[in-house]
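I have placed the structure first, in the form of structure tokens, so that the comments after it can refer back to it.
Residue numbers begin at 1 in each chain, while the letters A, B, ... track the order of the sequences.
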Amino acid sequence: MALPTAPGSPLPAEARGRGRRKRLVWTPSQRDALRASFERNPYPGMATREQLAQAIGVPEPRVQIWFQNERSRRLRQHRRESRPWPGPRGPPEGRRKRTAVTQSQTAVLLRAFERERFPDFATREELARETGLPESRIQIWFQNRRARHPGRAGRGPAAVS
DNA sequence: AGACTAACGTAATCAATGT
DNA sequence: ACATTGATTACGTTAGTCT
């Protein structure tokens, strides 16, 4: 069934073959620290992620991605063994503080979005430099933007109001 | 060559902020 | 109250690493 795009189906053609961030390779001690933290809480808040990131010397967004992937692995394993997943333990930890994107920053991102809806890593870094926003926030900005402003390739300027 | 997994995508949803 | 939009989740795909 060719459903266009379910939660994680085949990637849209434009998104394929794009330059990704260079894949990092964890050292054994970094893995240990990540696993230990995961055992304490599989849903770490910003403070925990930041602290862990500092401790193992890696950017916080990489830690966040690791937890996302690790939860996927565990969830699947638990499902496969028909074992219940013991959801979040303890009170939910605090999220990242909402980033305030200024009008001028939005303008830059909007212009980039018109040119390319799937910017590669180099482009995202360039935008990060231009706007002063972290690259990880730019990636999220594009994800949200794509979800809320469906492609309509080459459509008019979209009467915004 | 195949297993493993970081990076990255969508869809749905939570939540902060402004009107 | 409601609209807008940043942040997080589940889960599937893509592509680099390692055996």
Handout entry: Base C/dT5 paired with A/R145 side chain (donor-acceptor, <3.5 Å)
Key = no
Would you classify [X] as touching base, sugar-phosphate or nothing, given that sugar-phosphate means primed atoms plus P, OP1 and OP2, and contacts are heavy atoms under 4.0 Å?
| X | answer |
| --- | --- |
| A/R95 | base |
| A/S72 | base |
| A/R73 | sugar-phosphate |
| A/I140 | base |
| A/Q143 | base |

Measure from the side-chain heavy atoms of [X] and tell me the nearest of [options].
| X | options | answer |
| --- | --- | --- |
| A/R137 | C/dC18, C/dA7, C/dT14 | C/dA7 |
| A/N144 | C/dC11, C/dA7, B/dT5 | C/dA7 |
| A/N69 | B/dA6, C/dA10, B/dT10 | B/dA6 |
| A/F118 | C/dA7, B/dT10, C/dG16 | B/dT10 |

Exercise for the section: Determine whether more than 12 heavy atoms belonging to other residues, nucleotides or ligands lie under 6.0 Å from atom CD of A/E130. Expected result: yes
Exercise for the section: Could you state the atom-to-atom distance from CD of A/Q64 to P of B/dC8 in whole Å? Expected result: 13 Å
Exercise for the section: Measure from CG on A/L34 to C1' on B/dA6 and round the result to the nearest Å. Expected result: 12 Å
Handout entry: ILVMFWY clustering at 4.5 Å (side-chain atoms), partners of A/L52
Key = A/L24, A/W26, A/L34, A/F38, A/Y43, A/I56, A/V58, A/V63, A/W66, A/F67, A/L75, A/W85
Fill in the blank from the handout: Under a side-chain separation threshold of 4.5 Å, the hydrophobic residues clustered together with A/L127 are A/V101, A/V108, A/L109, A/L110, A/F113, A/L133, A/I138, A/W141, A/F142
Practice task
Considering only NZ, NE, NH1 and NH2 on the basic side and carboxylate oxygens on the acidic side, decide whether A/R96 and A/E60 come within less than 4.0 Å.
Solution key: yes
Exercise for the section: For A/P119 and for A/R98, locate the closest nucleotide of DNA chain B by heavy-atom distance; then report the residue assigned to the nucleotide nearer the 5' terminus. Expected result: A/P119
